[in-house]
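The structure appears below as structure tokens.
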Amino acid sequence: MQVPASFEFERAESVPHALELLERYGPEARLVAGGHSLIPMMKLRLAQPDALIDINGLAELSQLGVEGDTLVIGALVRHAALLADEAVGAYFPIFHEAERVIADPVVRNRGTVGGSLCQADPSEDLSAAFAAVRADAVIVGPGGSRTVPIREFHVGPYETVVEPGEILTELRVRIKPGAGSAYEKVERRVGDWPVAAAGAYLRTNEGMIVEAGLGLTAVGAEHFAAPDAEAYLIGKAAGEDVLREAARIAAASCEPQADQRGPVDYKRHLAGELTYRALSRAAERSRA
């Protein structure tokens, strides 16, 4: 039988209260909302926190909407809520397409955006989607708040820049005219971690690409991005040859690892093909 080690449990009543509890219990305290990653690790005793701090009641972390020219996504927003939001789908279809292939309805109804990003799994879908659109992460701690580009948020497998005593509170994504985005994923079965996946964001002006973002997951892309391929796209027309070359550059920049989901060559091939498909659909949407 899988039984977690003993731990203290507290329910936070506000963000300042959660920060106070984190300080009280120290670096071995953990925040819990959906718990779909943390609880299984605790049952296997791969994680043995001294205390769990329940933040499910913090409504201020559940905001989801447009503020001026920015889409604001609270860290406590459930996957299902992000998937159902019409404004999200209109401005950033990449998020809807990524959410549709994350796990199953049970996980999507309880799992949170912030929890997924903070888990920092190398195969996380939302990490690639947020990297593609160059979101910013807002982190609050005892010294106040700070904003970190999402491409600097993940520093390694299961590691982020969120320090002990800090909380990821929201993600912010600029809304710009002439932009399109898309997400493509190959998985062994519905709801599984990806064998490979790619997200694309393109902004065009008079047929030319003026901004490009590529997010890759499960293929060893540093910070879930492909900056060389993005740089190649700038200033070019979004034709098939250009998009295929960008996809080739993106695949070449990956460092996939062979595992039960497939060998290195297969994953690299998938990275290129999925990048091309995502770029093609993003380009179509940018012209719409």
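Residue numbers count from 1 along this sequence. If you're wondering where the values come from, they're calculated on a predicted model, not measured in any experiment. FYI, side chains are in, hydrogens and waters are out, and symmetry mates aren't considered; it's all heavy atoms of this structure.
- A salt bridge links R248 with E245: the closest approach of a Lys/Arg side-chain nitrogen to an acidic carboxylate oxygen falls below 4.0 angstrom.
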Let me check something: any side-chain donor-acceptor pairs from residues 189-198 under 3.5 Å, sequence neighbours excluded? List them with distances.
unit_1, atom_1, unit_2, atom_2, d
D192, OD1, R261, NH2, 3.2
D192, OD2, R188, NE, 3.2

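- Annotation: side chain of R203 is not in contact with side chain of S286 (no heavy-atom distance under 4.5 Å).
- No side-chain heavy atom of P164 sits under 4.5 Å from any side-chain heavy atom of L22.
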TODO: Take L216 and T275 through the test side chain to side chain contact (heavy atoms under 4.5 Å, CB included) and record every step on the way to the result.
DONE: CA-CA 8 Å; L216 294 164; T275 297; 3.3 Å; yes

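- Side-chain N or O atoms of E99 include none that pairs as donor or acceptor with a backbone N or O of A80 at under 3.5 Å.
- Within the 4.5 Å cutoff, the side chain of H223 has no heavy atoms near those of the E152 side chain.
- Under a hydrophobic clustering in which Ile, Leu, Val, Met, Phe, Trp and Tyr are joined whenever their side-chain heavy atoms come within less than 4.5 Å, directly or via other members, I175 and V113 fall into the same cluster.
- Ion pairing between a basic and an acidic side chain is recognised when a charged N comes within 4.0 Å of a carboxylate O; E163 and R146 show no such pairing.
- Although no hydrogens or angles enter the test, the distance criterion places a donor-acceptor pair under 3.5 Å between the side chain of T217 and the main chain of P122.
- In terms of modelled atom types and a separation under 3.5 Å, the side chain of R281 and the main chain of Y276 share no donor-acceptor contact.
- Residues forming a salt bridge (Lys or Arg N to Asp or Glu O under 4.0 Å) with D69 (at least two apart in sequence, or on another chain): R174.
- Taking hydrophobic clusters as Ile, Leu, Val, Met, Phe, Trp and Tyr residues chained together by side-chain heavy-atom distances below 4.5 Å, L126 shares a cluster with I73.
- The CG atom of D241 sits 12.5 Å away from the NZ atom of K236 when rounded to the nearest 0.5 Å.
- Checking side-chain atoms of D50 against main-chain N and O of E28 turns up no donor-acceptor pair under 3.5 Å.
- In terms of the side chain to side chain contact (heavy atoms under 4.5 Å, CB included) criterion, residue partners of D104 (sequence neighbours excluded) are, by chain and number, V106, V107.
- Each ring pair (Phe, Tyr, Trp, His ring centres under 6.0 Å) pair with one or both residues in residues 94-124, not counting sequence neighbours, appears once here: F92-F95, F95-F130.
- Side chains of Q119 and E124: a donor-acceptor N/O pair is absent below 3.5 angstrom, by distance only.
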Task: From CA spacing to verdict: side chain to side chain contact (heavy atoms under 4.5 Å, CB included), V138, L171 - done: CA-CA 6 Å; V138 180; L171 290 307; over 6 Å; no

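- For residues 225-274, the set of pairs meeting the ring pair (Phe, Tyr, Trp, His ring centres under 6.0 Å) definition, not counting sequence neighbours, is empty.
- Of all heavy-atom pairs spanning R78 and A33, the tightest one is NH1-C, 4.2 Å.
- Environment of CD in E23: sparse, with no more than 12 heavy atoms of neighbouring residues, nucleotides or ligands closer than 6.0 Å.
- To the nearest 0.5 angstrom, L83 atom CG is 10.5 Å from E97 atom CD.
- Between G215 and A132 the shortest heavy-atom distance is N-CB, 3.7 Å.
- Look at K185 and E273 and you find no salt bridge, because none of the NZ, NE, NH1 or NH2 atoms lies under 4.0 Å from a carboxylate O.
- R134 is listed as a side-chain neighbour of E230, based on a closest heavy-atom distance under 4.5 Å.
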Open item on the list: If you apply the rule side chain to side chain contact (heavy atoms under 4.5 Å, CB included), what do you find for L31 with I167, and how did you get there?
Closed with: CA-CA 8 Å; L31 302 175; I167 300 174; 3.7 Å; yes

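- In this structure, T147 OG1 and D136 CG are separated by 6.5 Å, a value rounded to the nearest 0.5 Å.
- In the hydrophobic cluster analysis, where Ile, Leu, Val, Met, Phe, Trp and Tyr join through side-chain heavy atoms closer than 4.5 angstrom, L44 is grouped apart from M42.
- Here the side chain of T204 pairs no donor or acceptor atom with the backbone of I209 at under 3.5 angstrom.
- Atom CD of E222 sits in a sparse spot, with 12 or fewer heavy atoms from other residues, nucleotides or ligands closer than 6.0 Å.
- In this structure, the separation between CD on E20 and CD on E13 is 9.5 Å, given to the nearest 0.5 Å.
- Taking the side chain as every heavy atom from C-beta outward, L52 and E10 never approach each other to under 4.5 Å.
- Judged purely by atom type and a 3.5 angstrom limit, N109 uses its side chain to pair as donor or acceptor with the backbone of P105.
- When side chains are defined from C-beta on, L233 counts as touching L279, because their heavy atoms get closer than 4.5 Å.
- When every heavy atom of L58 is checked against every heavy atom of A12, the shortest pair comes out as CD2-O, 3.5 Å.
- The CG atom of L19 sits 9.0 Å away from the CD1 atom of I53 when rounded to the nearest 0.5 Å.
- In this structure a side-chain-to-backbone donor-acceptor pair under 3.5 Å is present from T160 to V162.
- Using modelled atom types, one side-chain atom of R151 and one backbone atom of A131 make a donor-acceptor pair closer than 3.5 Å.
- Under a 3.5 Å cut-off, the side chain of R108 and the backbone N or O of I102 do form a donor-acceptor pair.
- Taking each heavy atom of L168 and C118 in turn, the nearest pair found is CD2-SG, 3.8 Å.
- Hydrophobic clustering (side-chain heavy atoms under 4.5 Å, transitive across Ile, Leu, Val, Met, Phe, Trp, Tyr) keeps I249 apart from V219.
- In this structure the side chain of R172 reaches within 4.5 angstrom of the side chain of E67, judged on heavy atoms.
- Grouping the Ile, Leu, Val, Met, Phe, Trp and Tyr side chains by contacts below 4.5 angstrom, directly or via other members, places L61 apart from L71.
- Separating the CG atom in D125 from the OG atom in S116 is a distance of 8.5 Å, to the nearest 0.5 Å.
- Contact detail for T169 and Q63: the closest heavy-atom pair is O-NE2, 4.4 Å.
- Of the possible donor and acceptor atoms, none in the side chain of E170 sits under 3.5 Å from a partner among the backbone N and O of A137.
- Sorted by first and then second residue, the ring pair (Phe, Tyr, Trp, His ring centres under 6.0 Å) pairs involving residues 152-188 (not counting sequence neighbours) are H154-F224.
- The minimum heavy-atom distance linking A282 with A182 is given by the pair N-CB, 4.0 Å.
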